[in-house]
Amino acid sequence: MRFDREYFLRDALEVGPEILGHYLIRKINDRTVKTMITEVEAYVGPEDKGAHTYKNKRTARTEPMFSEGGHAYVYLIYGMYNCINIVCQRKGKPEALLLRAVEPLNEFDLLFDNRSPVKNIHNLSNGPGKLCSALGIDRTFSGYDLISGKELYLEKNENRKDIEVVCSKRIGIDYAEEYKDKLWRFYIKNNKFISKK
DNA sequence: TCTACGATTTACT
DNA sequence: GTAAATCGTAGAA
């Protein structure tokens, strides 16, 4: 079952803990790769000094952040890794959830191929750059609709039980001054597929 | 044009 | 533990 648009037309800080445990699906040719979202970080532009959309900075790159919730915002970081966000809020309000880790549920051989020479399953997708590499997600997916998309989309986990969510500081934004210590990183307690640090 | 650097990962000492 | 890899993007010149 797919998500309704409305689900993502809310604060990223509200959607963040709720989206954990649901699925991110990637179709590649005839294969359907299923993963479970285990870790996210909220970015709340324009107030958030850690966000690309701080002060409503609007450029060709960040444009999808200003689109309607449920779309993807993918950017290249450090010249070599892609990171994917789920855009939240209504059109014009730039909030998003950075997917930092997912748990692979099937098609492991395909994921290992994309992440070669990685040998340990726990190292396949426990990081924002890693999961994009494993799932073959690049900037061509920026602006993609994750609600109605065919090759990449979100799906509800109908059996999702109450999940214990841990809040912590976000990673890799030491320049964000008072915003670097906000507890806007959410992950599933005791899950093995988490980017540590 | 030109320059500096990043919401990271990996390989090395 | 430290540092290299690597390039699009943003802002300045």
Side-chain angles (χ1 to χ4, degrees), chain A residues 8 11-17 19-20 24 35 37-67 69 71-89 93-104 111-144 146 152 166-188 192-197:
Chain A
F8 297 99
D11 291 348
L13 290 170
E14 196 177 331
V15 180
I19 198 67
L20 297 175
L24 177 68
T35 66
I37 298 171
T38 55
E39 176 183 351
V40 300
E41 277 181 7
Y43 285 86
V44 185
E47 63 177 82
D48 183 359
K49 290 182 180 176
H52 292 161
T53 51
Y54 177 51
K55 290 182 178 171
N56 271 320
K57 188 166 68 178
R58 191 163 185 159
T59 65
R61 179 179 65 149
T62 63
E63 189 59 30
M65 289 278 292
F66 293 84
S67 68
H71 290 83
Y73 166 51
V74 185
Y75 64 92
L76 185 71
I77 188 65
Y78 297 109
M80 60 191 103
Y81 299 108
N82 292 289
C83 297
I84 183 170
N85 293 252
I86 302 169
V87 175
C88 292
Q89 279 292 5
K93 211 170 175 190
E95 297 193 7
L97 293 166
L98 169 67
L99 297 187
R100 289 196 57 90
V102 298
E103 175 174 345
L111 299 174
F112 274 112
D113 280 351
N114 287 343
R115 291 276 294 137
S116 181
V118 167
K119 294 282 200 324
N120 185 343
I121 188 170
H122 292 120
N123 199 25
L124 278 180
S125 57
N126 61 332
K130 295 178 186 178
L131 74 90
C132 282
S133 176
L135 294 175
I137 297 170
D138 60 25
R139 285 174 303 127
T140 62
F141 280 104
S142 202
Y144 196 83
L146 298 173
L152 182 66
V166 180
C167 304
S168 73
K169 294 180 185 178
R170 292 179 294 176
I171 308 286
I173 52 163
D174 289 344
Y175 55 83
E177 301 177 36
E178 73 271 27
Y179 283 89
K180 75 179 166 64
D181 294 326
K182 298 284 185 187
L183 301 178
W184 290 351
R185 174 179 177 228
F186 310 104
Y187 60 90
I188 299 176
K192 304 281 188 215
F193 299 83
I194 299 295
S195 72
K196 42 175 185 291
K197 284 188 183 176

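Each chain gets a letter, A, B and so on, in the order the sequences are listed, and its residues count up from 1. The structure presented is a predicted model; accordingly, all values stated were derived computationally and were not measured. As a basis for the values below, the full set of heavy atoms in this structure was taken, side chains included, without hydrogen atoms, waters or symmetry mates.
- Using atom C1' as the reference point in both B/dC5 and C/dA3, the two lie 16 Å apart (nearest Å).
- Side chains of A/Y179 and A/E177: a donor-acceptor N/O pair is absent below 3.5 angstrom, by distance only.
- Atom CG of A/L131 and atom C1' of B/dA7 are 12 Å apart (whole Å).
- Atom CG of A/N126 is separated from atom C1' of B/dT10 by 13 Å (rounded to the nearest Å).
- Aromatic pair A/H71/A/Y144: centroids not less than 6.0 angstrom apart.
- Rounded to an integer number of Å, the gap from CD1 of A/I194 to P of B/dT9 is 13 Å.
- Side chains of A/H52 and A/M65 form no contact here, defined as non-hydrogen atoms less than 4.5 Å apart.
- Residue whose closest nucleotide on DNA chain B sits further toward the 5' end, between A/R115 and A/N85: A/N85.
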For nucleotides 8-13 of chain C, give me one character per nucleotide, 5' to 3': B if any protein heavy atom sits under 4.0 Å from the base, S if the only such contacts are to the sugar-phosphate, - if neither. SSSS--
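- One interatomic measurement links the two molecules: CD of A/E39 to P of B/dA7, which rounds to 16 Å at whole-angstrom precision.
- One cannot find a donor-acceptor pair under 3.5 Å joining the base of C/dA5 and the side-chain atoms of A/Y78.
- One interatomic measurement links the two molecules: NZ of A/K169 to P of B/dA7, which rounds to 18 Å at whole-angstrom precision.
- Residues A/R58 and A/E63 have side chains in contact (heavy-atom distance under 4.5 Å, counting atoms from C-beta outward).
- With the 3.5 Å cutoff on both pairing distances, Watson-Crick and G-U pairs in DNA chain B assemble into runs of at least 3 at B:1-6 with C:7-12, B:8-12 with C:1-5.
- Following rounding to the nearest Å, A/Y54 (OH) and B/dA7 (C1') show an atom-to-atom distance of 16 Å.
- Within 4.0 Å of A/G50, counting heavy atoms only, lies at least one base atom of the nucleic acid.
- Distance, A/R170 CZ to B/dG6 P: 15 Å, rounded to whole Å.
- A/K180 places its NZ atom 15 Å from the P atom of B/dG6, with the value rounded to the nearest Å.
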